[in-house]
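For the numbers below, each heavy atom of this structure counts, side chains included, while hydrogens, waters and symmetry mates do not. This is a predicted model, so every value here is computed, not measured.
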Amino acid sequence: MAAAPRVYFVIGPAGSGRTGVARLIAELSGAAYLDKDTACTRLAETLLELAGTDRNERDLNPYYQSVVMDLEYATVLDLAADNLRVGRPVVLDAPLGRYFQQADYCAEVTYRHHWPSEANECQWADGRRLVFDNPADAVTADAVARARAELDPPGP
């Protein structure tokens with residue numbers, strides 16, 4: 001029986017190297033690479049314009065914060081679900097840090113977006129996470145491969 005597809009949440013603030021790490025994980029694992037900005041920016045900008053707000057302002061825009069942002073994340077998480085249901089692992093490149101402050105976030109995502117439950121054995125609180133100190137010269141493919149091996153150590 002094939003292993004359930006894995007979801008890699010790559011989180012971090014803008015400029016932290018999140019995208020480079022996420023792309024390396026996708027490349028090395030064969031996972032679908034889903035970038036929230038690529039998937040949602042055009043639609044978000046249009047919604048902001050239609051609401052009469054600045055299409056480029058996110059952090060200080062109450063309409064973005066209360067309406068658009070959650071739609072962006074819901075969209076990316078639904079795209080992840082589509083991939084998981086066909087057996088493809090997923091790398092999510094999005095600044096999801098604020099959501100992970102909720103202890104049951106992974107369980108909520110699995111339920112709300114109809115992810116296959118075996119695909120999301122999320123143990124965020126128990127430390128199933130990789131932390132990269134992303135230096136100026138960026139994280140290397142070797143570093144990502146070694147870190148991934150920690151998640152899936154070789155069997156007996």
*asked:* Listing request: all salt bridge (charged side-chain N to carboxylate O under 4.0 Å, His left out) pairs with a residue in residues 24-43, at least two apart in sequence or in separate chains.
replied: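 Matches after skipping sequence neighbours: K36-E72.
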Rounded to the nearest 0.5 Å, what's the gap from [atom1] on [X] to [atom2] on [Y]? Could you check?
X: T19; Y: L24; atom1: OG1; atom2: CG; result: 11.0 Å
X: C40; Y: L79; atom1: SG; atom2: CG; result: 7.5 Å
X: L34; Y: D82; atom1: CG; atom2: CG; result: 9.5 Å
X: Y33; Y: D93; atom1: OH; atom2: CG; result: 3.5 Å
X: L92; Y: L77; atom1: CG; atom2: CG; result: 6.0 Å
X: Y63; Y: L47; atom1: OH; atom2: CG; result: 5.5 Å

Side chain to side chain, [X] and [Y], heavy atoms closer than 4.5 Å:
X: R6; Y: S29; answer: no
X: V10; Y: V91; answer: yes
X: V67; Y: L71; answer: yes
X: W115; Y: V7; answer: yes

Minimal non-hydrogen separation, [X] against [Y], with atom names:
X: V90; Y: A31; result: N-CB, 3.8 Å
X: P5; Y: L84; result: CG-O, 3.6 Å
X: R58; Y: E45; result: NH2-CG, 3.6 Å
X: P95; Y: Y73; result: O-OH, 3.2 Å

_For R112, give me all partners under side chain to side chain donor-acceptor pair (under 3.5 Å), at least two apart in sequence or on another chain._
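R112 satisfies side chain to side chain donor-acceptor pair (under 3.5 Å) with E108 once adjacent residues are dropped.
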*Do you reckon Y111 sits in the same ILVMFWY cluster as F9, going by side-chain contacts under 4.5 Å, direct or chained?*
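Different clusters.
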*Is there a chain of hydrophobic side chains (I, L, V, M, F, W, Y, each step under 4.5 Å between heavy atoms) that links V76 to L43?*
no
*Determine yes or no for a side-chain-to-main-chain donor-acceptor pair under 3.5 angstrom, with E57 supplying the side chain and D59 the backbone.*
yes
